[in-house]
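Below, each value reflects all heavy atoms present in this structure, side chains not excepted, and no hydrogens, waters or symmetry copies. Chain letters run A, B, ... following the sequence lines, proteins first and then strands; every chain starts at 1.
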Amino acid sequence: MKTLITIAGPTAIGKTKMAIEVAQALGTEILSADSRQFYKELKIGVAAPSNEELAQVPHHFIGHLSIHDYYNVSRYEIDALNLLESLFQRYNQVVVVGGSGLYLDTLCGGISELPDADEALRASIKEKFEQSGIEYLREQVKILDPVFYETADISNPMRLLRAMEVTLQTGIPYSQFKNKKQQRHNFRITKIGLEQDREVLYNRINQRVDLMVEMGLLEEVQNLLPNKNLNALNTVGYKELFEYFEGKVTLEHALENIKTHTRRYAKRQMTWFKRDSDIQWFGTEQKIQILQYINSEDNK
RNA sequence: GGCGUCGUAGCUCAGUAGGUAGAGCAGAGGACUGAAAAUCCUUGUGUCACUGGUUCGAUCCCAGUCGAUGCCA
């Protein structure tokens with residue numbers, strides 16, 4: 001039986017390092033489940049693995065896309081499952097590491113079959129939303145998919161917009177797609193979570209931002225300024241510095257915002273991962289215990 | 001040294017014609033099905049600097065003390 005080992009945890013906790021150590025110990029390769037490290041243009045700001053780290057263990061889905069590419073969870077699921085199929089021919093275990101909860105969950109548990117976004121349709125809905133406000137989206141969704149509207153988060157424009165988009169695109173209410181459940185995999189999954197004292201983690205985050213600046217974050221972001229409206233750049237570390245380069249805030253302020261937003265992001269990740277009862281949690285130094293746990297799960 | 005201003009939630013500050021106080025930010029908790037590092041929801045009790053006085057009652061008025069700051073010497 002093949003095993004996929006997932007390593008989850010909040011940003012800056014040390015997932016990259018742990019994944020490399022685990023993969024080396026198991027003699028295998030690593031998949032990323034980090035929705036921003038996919039983009040080759042984003043390096044320093046998303047704390048992508050360094051060249052030295054990449055040389056230690058083969059990595060996949062690091063910098064394999066351009067910020068100009070359209071990508072989403074579903075495509076990731078397909079890409080990752082395809083890759084796993086070939087990797088499992090050579091390895092009994094493969095490591096996947098990342099902080100994008102939705103991507104990790106989709107890889108492990110699948111996702112409903114839904115159409116990709118129709119960019120033109122999405123843009124036109126978005127335009128009306130910007131003109132008429134969220135009430136417009138609510139009214140439309142209420143008509144198009146009353147079932148979804150019942151339980152929807154009607155304060156969240158993105159959710160409403162998506163429901164509208166899918167329903168208009170297919171002629172079938174969005175809620176009907178969501179009922180579809182997914183496939184079983186021919187591998188099993190061992191889930192590892194990394195955790196750390198909140199205060200320590202927050203200090204690490206603050207320090208890492210300063211380190212990113214030393215590594216040349218400002219230059220990286222400045223070069224991406226023309227692309228600031230791309231979704232891939234709606235990212236902590238970039239959007240705050242765009243504001244600085246546009247003269248809206250001081251550099252000091254922008255960096256402070258990055259730290260704050262990264263802390264909040266970390267908190268959101270913790271909230272996401274906490275609800276997954278299959279995850280076994282470890283401290284950042286418990287490499288030995290993690291390997292023992294992986295081994296004991298394999299022998300079950 | 002003299003005169004003035006200020007001292008209220010972790011931070012920046014409101015406020016109470018005297019009936020023990022509230023915003024923004026930070027922080028905390030939560031949600032999450034093709035934009036997910038995204039997007040959204042909920043959440044504010046603190047010796048109102050300290051010590052006395054006046055008062056039925058003081059964070060608010062008065063005096064003193066301490067601290068900050070400005071101007072004058």
Separation of the [atom1] atoms in [N] and [M], to the nearest angstrom:
N: B:A49; M: B:C56; atom1: P; answer: 24 Å
N: B:G7; M: B:C60; atom1: P; answer: 12 Å
N: B:C6; M: B:A14; atom1: C1'; answer: 15 Å
N: B:A26; M: B:G57; atom1: P; answer: 43 Å
N: B:U39; M: B:U20; atom1: P; answer: 42 Å

- Item | By salt bridge (charged side-chain N to carboxylate O under 4.0 Å, His left out) - contacts of A:R159 (at least two apart) |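 Salt bridge (charged side-chain N to carboxylate O under 4.0 Å, His left out) list for A:R159, sorted by chain: empty.
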Intra- and inter-strand pairing of RNA chain B, written as dot-bracket with Watson-Crick and G-U pairs under 3.5 Å and | for the latter, reads (((((((..((((.....[..)))).(((((.......))))).....(((((..]....)))))))))))).
Please table the atom pairs, donor to acceptor, closer than 3.5 Å between any side-chain atom in residues 229-237 of chain A and protein atoms at least two apart or in another chain.
residue: A:T235; atom: OG1; partner: A:R36; partner atom: NH1; Å: 2.7
residue: A:T235; atom: OG1; partner: A:A232; partner atom: O; Å: 2.6

Hey, are A:K128 and A:S124 close enough side-chain-wise for a donor-acceptor pair under 3.5 Å?
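There is no such pair (donor and acceptor under 3.5 Å, judged by atom type) between the side chains of A:S124 and A:K128.
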Name all pairs fulfilling the salt bridge (Lys or Arg N to Asp or Glu O under 4.0 Å) condition that reach into [range], sequence neighbours left out, sorted by first residue then second.
range: residues 59-75 of chain A; result: A:R75-A:D116
range: residues 136-151 of chain A; result: A:E135-A:R138
range: residues 272-291 of chain A; result: A:K191-A:D276
range: residues 244-259 of chain A; result: A:D210-A:K259, A:K228-A:E246, A:E246-A:K248, A:E256-A:R263

For residues 82-98 of chain A, which side-chain N or O atoms pair as donor and acceptor with protein atoms under 3.5 Å away, sequence neighbours left out?
residue: A:N82; atom: ND2; partner: A:I78; partner atom: O; Å: 3.3
residue: A:S86; atom: OG; partner: A:L83; partner atom: O; Å: 2.9
residue: A:Y91; atom: OH; partner: A:E29; partner atom: OE2; Å: 2.6
residue: A:N92; atom: OD1; partner: A:K2; partner atom: NZ; Å: 2.9
residue: A:Q93; atom: NE2; partner: A:D298; partner atom: OD2; Å: 2.7

(request) Mind checking side-chain hydrogen bond (donor to acceptor under 3.5 Å, both in side chains) for A:Y265 and listing every partner two or more places apart, or none if nothing turns up? (result)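 Listed in chain order: A:Q269.
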Q. Does any residue of residues 238-264 of chain A have a heavy atom under 4.0 Å from RNA chain B, and if so, which ones, in number order?
A.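 Residues of residues 238-264 of chain A under 4.0 Å from RNA chain B: A:K239, A:T260, A:R263, A:R264.
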Legend entry - Those residues of residues 144-152 of chain A lying under 4.0 Å from RNA chain B by at least one heavy atom: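 None, since no heavy atom is under 4.0 Å.
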Any A:R268 side-chain nitrogen or oxygen under 4.0 Å from OP1 or OP2 of B:C32: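 No.
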Please tell me which of the listed nucleotides, B:U39, B:A31, B:U33, lies nearest to the side chain of A:T271?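 Minimum distance to the A:T271 side chain belongs to B:A31.
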For A:D105, which contact category applies under a 4.0 Å heavy-atom criterion: base, sugar-phosphate, or nothing?
->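 No contact at all - A:D105 keeps every heavy atom at 4.0 Å or more from the nucleic acid.
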Name every donor-acceptor pair, under 3.5 Å, that has one atom in a side chain of residues 13-27 of chain A and the other anywhere in the protein, sequence neighbours excluded.
residue: A:K15; atom: NZ; partner: A:G9; partner atom: O; Å: 3.2
residue: A:K15; atom: NZ; partner: A:P10; partner atom: O; Å: 3.1

**Message:** Around atom CE of A:M270, are there more than 12 heavy atoms from other residues, nucleotides or ligands closer than 6.0 Å?
**Reply:**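 Yes - once you tally the heavy atoms of other residues, nucleotides and ligands closer than 6.0 Å, there are more than 12.
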